[in-house]
Each structure stands twice: as C-alpha cells, then as structure tokens.
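Single-structure report; data block below.
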Protein chains: 2
Amino acid sequence: MGGARATREQIIEAADRLFYRQGYEHTSFAAIAEAVQISRGNFYYHFKTKDDILAAVITARLAERRRMLERWEAEEPTPAGRIRKYIEIPLTNRADVQMYGCPVGTLSTELAKLNHASFAEANSVFTLFRTWLRDQFALLGHESEADALAMHVIAFSQGVATLANAFRDEGFIWREVKQMSDWLTAYE
Amino acid sequence: MGGARATREQIIEAADRLFYRQGYEHTSFAAIAEAVQISRGNFYYHFKTKDDILAAVITARLAERRRMLERWEAEEPTPAGRIRKYIEIPLTNRADVQMYGCPVGTLSTELAKLNHASFAEANSVFTLFRTWLRDQFALLGHESEADALAMHVIAFSQGVATLANAFRDEGFIWREVKQMSDWLTAYE
DNA sequence: GTCTATACAGGGATAGAC
DNA sequence: GTCTATCCCTGTATAGAC
C-alpha cells in the first residue's frame with residue numbers, strides 16, 4: 001500500500017537529516033522514530049537493522065545527487081558552467097555547511113573511523129561527482145588531467161566545508177568560492 | 001608520585017590515539033582502560049568523566065603542535081620553508097591520513113555534530129595553525145591578505161586529508177602537495 | 001592508586017497483540 | 001502496518017575493599 005511506502009520514505013528522509021546533523025552513530029532509533037512520529041516497534045517492520053537504514057539513506061543520496069547533476073546538465077549548456085555549479089555548492093548550502101559540514105565528506109569520515117561495512121558505498125557519492133567532473137573537464141579538452149582536476153575540485157570543496165564548519169565563517173566561503181571560480185577560467 | 005603521573009599521561013596518550021582512530025564517541029572507557037592495562041575502576045581516579053579526558057587530550061594536542069611549530073622555526077630559516085612544512089603534513093603523515101584522516105579536522109567535525117561543549121576548544125588547534133601561518137605570510141610581505149592565505153592553506157590540507165581518507169590514494173596526496181608547494185612560490 | 005562489584009541509563013533488537 | 005512490552009548488551013559512573 002501507499003501508506004507503507006510513505007512511512008518507509010519518511011524514515012529514510014528523517015534518518016538522512018539526522019545522520020547529517022548528529023552523525024550516524026549518535027542518531028538513535030528513538031530519535032528517528034520520534035521524528036517520523038511512529039513507535040520504535042513499528043520501525044523494525046520497515047528496517048531490520050540500523051545498517052539497513054544507512055544503506056537506504058546512501059542509496060537515496062546517490063539517487064538525489066544523480067538527479068541534481070542531470071538538472072545541471074539541463075540548465076547549464078557549457079561544461080565550465082556545470083563545474084562552476086559544483087564549486088558553488090558550499091555557498092549555495094552555506095547555512096547547513098557552517099552548521100554540519102558536507103553531508104558526503106562527514107559521513108565518509110565517520111564511517112572510516114567506525115570501520116563500517118558501508119564505507120565504500122558511502123564513498124560512491126564521491127565517485128559519482130568525481131566521474132561527472134572528470135567528464136566535464138574532458139569536454140573542455142583536458143582529457144589527460146581530467147581525473148586529477150576532478151579530485152582537485154572535490155578536495156577544494158571538502159576543505160572549504162570543513163573549515164567553514166569549524167569557524168562558522170561565511171566570508172571565508174565567499175572568498176574561496178570566488179577564488180576557485182577564477183581558477184577555473186584558466187581551463188575554459 | 002611519578003606512578004600516578006605516568007598513568008595519567010598513558011591514559012591521555014591512549015585516548016588521543018583511540019579518539020583519532022575510532023572517533024571520540026565510539027571510543028569506550030573499556031577500550032582506553034584496556035590499552036593502558038588498568039581496570040575501569042582505576043580509570044575514574046584519574047578522570048571523572050569522558051569529557052574530562054577529551055579536554056586533556058585537546059590540551060595535550062595543542063601543546064604538541066606548539067612544540068612542532070617551534071621545531072620548524074628552529075629548522076627552517078625562511079617563512080616559506082615553514083609554510084611548506086605545513087603543506088607537506090598530509091604527505092609526512094600519509095599512512096595515518098589515509099586510514100583516519102586529519103586528527104584536528106575529524107575531531108572538529110565530530111564535535112560539531114555532537115554539539116559538544118569542547119567544540120571551541122578543539123578548534124583552538126586550528127586557530128594555532130591559522131595564527132602561525134598568518135604570521136609566516138606576513139613575514140613574506142603579504143600582511144593584508146595573510147589571514148586569508150592562512151585559511152586557504154589549512155583548507156587545502158583538510159580537503160586533501162578528507163579525500164585521501166575516502167579514496168586511500170597516496171598518488172593523489174603527492175600531486176596535491178606538489179601543486180600547493182608550487183602555488184606557494186608565487187608568494188615567496 | 002589500584003582493584004572488584006555493582007548501579008543505572010540508553011540503545012538495538014524481538015515477540016506478539018491488535 | 002502499527003502498537004506495547006520486554007530482553008539483552010554496552011557504556012558511563014559510583015562504592016567500597018585492599
């Protein structure tokens with residue numbers, strides 16, 4: 001029924017949000033159940049273990065980012081314009097980034113420390129961006145260094161997110177994004 | 001007595017290591033006690049709460065980094081040489097960075113999500129580096145942009161650490177450090 | 001200073017009624 | 001599909017003997 005589906009998706013949505021804001025381990029079933037307004041018992045009808053929820057959240061994030069990249073391709077006619085969209089993420093999401101960092105980077109960091117089985121899965125979001133950025137740089141005629149450039153752009157984004165989170169400094173984000181955007185012109 | 005002092009310092013050392021490798025929240029008293037080879041009960045003679053251990057670890061890290069910067073000032077006669085030392089950290093510590101990321105950045109990220117009282121204290125290590133790098137850039141004659149350059153260098157370091165941790169790619173670290181080192185020559 | 005024993009809370013997970 | 005009740009384990013923290 002539609003009811004079950006709706007509940008399942010509500011759980012994933014709430015878990016996604018809470019994992020981002022509080023971290024995976026720190027988020028309890030009780031907290032997710034409360035957010036969705038269901039009992040803890042009901043919870044287990046939809047997900048057998050906490051790891052299952054994590055896997056579902058990662059799958060949802062992956063799908064969501066894929067859709068985002070498709071939107072960008074529809075909106076931005078040039079590869080450089082698309083790369084610039086990526087560079088601007090910390091600015092676009094500045095409120096959340098300052099409070100909670102980057103959802104992808106912070107989850108990867110946490111799962112690495114937990115030695116969690118889903119570490120590789122979580123990083124597939126990074127790989128999605130990496131491949132996509134590589135393609136954009138290749139389209140700009142930089143095939144041989146496209147992957148290195150892609151990694152460079154993602155690293156920039158992660159560094160900005162981590163420091164913006166630590167210092168809660170919006171001006172810093174603006175400066176860095178501006179600088180990275182200028183850097184990109186050399187490859188257009 | 002020397003015995004108590006030694007135990008206390010052993011606890012701090014073990015906690016530091018475990019917080020780095022497993023994360024703060026994920027590290028239990030039992031794990032630290034086992035590492036130091038003392039009973040959990042004895043533990044509480046030295047530290048009343050887990051937060052107290054965290055505070056002690058942060059203080060120890062701060063002191064250790066201060067000593068490191070002093071060593072660099074003794075070893076490297078030029079400000080650029082000193083900045084380069086900082087840029088090379090991800091390479092110098094590449095084994096740990098690939099496995100556990102940056103100790104400063106990952107702790108800051110975790111404490112932000114936990115909304116932990118020691119968040120600001122943990123970030124004082126970032127501030128130490130920021131101030132020190134700013135001074136080095138000022139010595140190079142870039143007073144007006146010294147702080148922005150300092151933040152840029154720290155952000156670079158954090159981005160490299162996060163991605164090196166996610167992808168476990170040593171070649172990536174080499175490339176990025178080389179590139180950042182070349183970037184620095186424009187300011188020498 | 002170090003130990004054992006134990007209290008207590010919270011979190012993951014299950015059973016079974018409705 | 002959703003609920004209540006409950007089990008069990010782990011983790012923090014305390015009490016008190018040695």
Requested in this report: Check the distance between C/dT2's C1' and B/Phe47's CZ and give it to me in whole angstrom.
Outcome: 16 Å

Report summary line: Within residues 108-119 of chain A, the residues having a heavy atom closer than 4.0 Å to DNA chain D are none

Requested in this report: Please name all residues satisfying side-chain hydrogen bond (donor to acceptor under 3.5 Å, both in side chains) with B/Glu188, sequence neighbours left out, ordered by chain then number.
Outcome: B/Arg84

Report task. May I ask you to list the residues of residues 10-21 of chain B, by number, that have any heavy atom positioned under 4.0 Å from an atom of DNA chain D? Result -> none

Query raised in the report: Who passes side chain to side chain contact (heavy atoms under 4.5 Å, CB included) against B/Thr49, sequence neighbours left out?
Result: B/Asp51, B/Asp52

Report task. Identify, with sequence neighbours excluded, every residue that meets side chain to side chain contact (heavy atoms under 4.5 Å, CB included) alongside A/Ala15. Result -> A/Phe19, A/Ile32, A/Ile53, A/Val57

Query raised in the report: Got a sec, which residues hit side-chain hydrogen bond (donor to acceptor under 3.5 Å, both in side chains) with A/Thr106, two or more places apart in sequence or on another chain?
Result: B/Lys113

Query raised in the report: Would you say C/dT2 has OP1 or OP2 under 4.0 Å from some side-chain N or O of B/Tyr45?
Result: no

Requested in this report: Enumerate the residue pairs fulfilling side-chain hydrogen bond (donor to acceptor under 3.5 Å, both in side chains) with a member in residues 25-38 of chain A, sequence neighbours excluded, ordered by first and then second residue.
Outcome: A/Glu25-B/His26, A/His26-B/Glu25

Query raised in the report: Are side-chain heavy atoms of B/Ile58 and B/Ser118 found at a separation under 4.5 Å?
Result: yes

Report summary line: Applying ring-ring contact (aromatic ring centres under 6.0 Å, His included) to B/Tyr86 and not counting sequence neighbours gives B/Phe129

Query raised in the report: So, is A/Thr7 near the phosphate of D/dG1, with a side-chain N or O under 4.0 Å from OP1 or OP2?
Result: no

Query raised in the report: Roughly how far, to the nearest 0.5 Å, is the CZ atom of B/Phe47 from the CD1 atom of B/Ile11?
Result: 5.5 Å

Side-chain donor-acceptor contacts of residues 62-77 of chain A below 3.5 Å, not counting sequence neighbours, with atom names and distances?
residue: A/Glu73; atom: OE2; partner: A/Trp132; partner atom: NE1; Å: 2.6
residue: A/Glu75; atom: OE1; partner: A/Lys85; partner atom: NZ; Å: 3.3

Query - Whole angstrom value for the distance that separates P of C/dA13 from CD1 of A/Ile53 - result: 8 Å

Query raised in the report: So which pairs with a foot in residues 149-170 of chain B pass salt bridge (Lys or Arg N to Asp or Glu O under 4.0 Å), sequence neighbours left out?
Result: B/Arg94-B/Glu170

Query raised in the report: End-to-end bend of the helix from C/dG1-D/dC18 to C/dC18-D/dG1 (five-pair axes, 10° rounding)?
Result: 0°

Report summary line: Each nucleotide of nucleotides 11-18 of chain D classed B (base within 4.0 Å of a protein heavy atom), S (only sugar-phosphate) or -, in 5' to 3' order, makes SBBB----

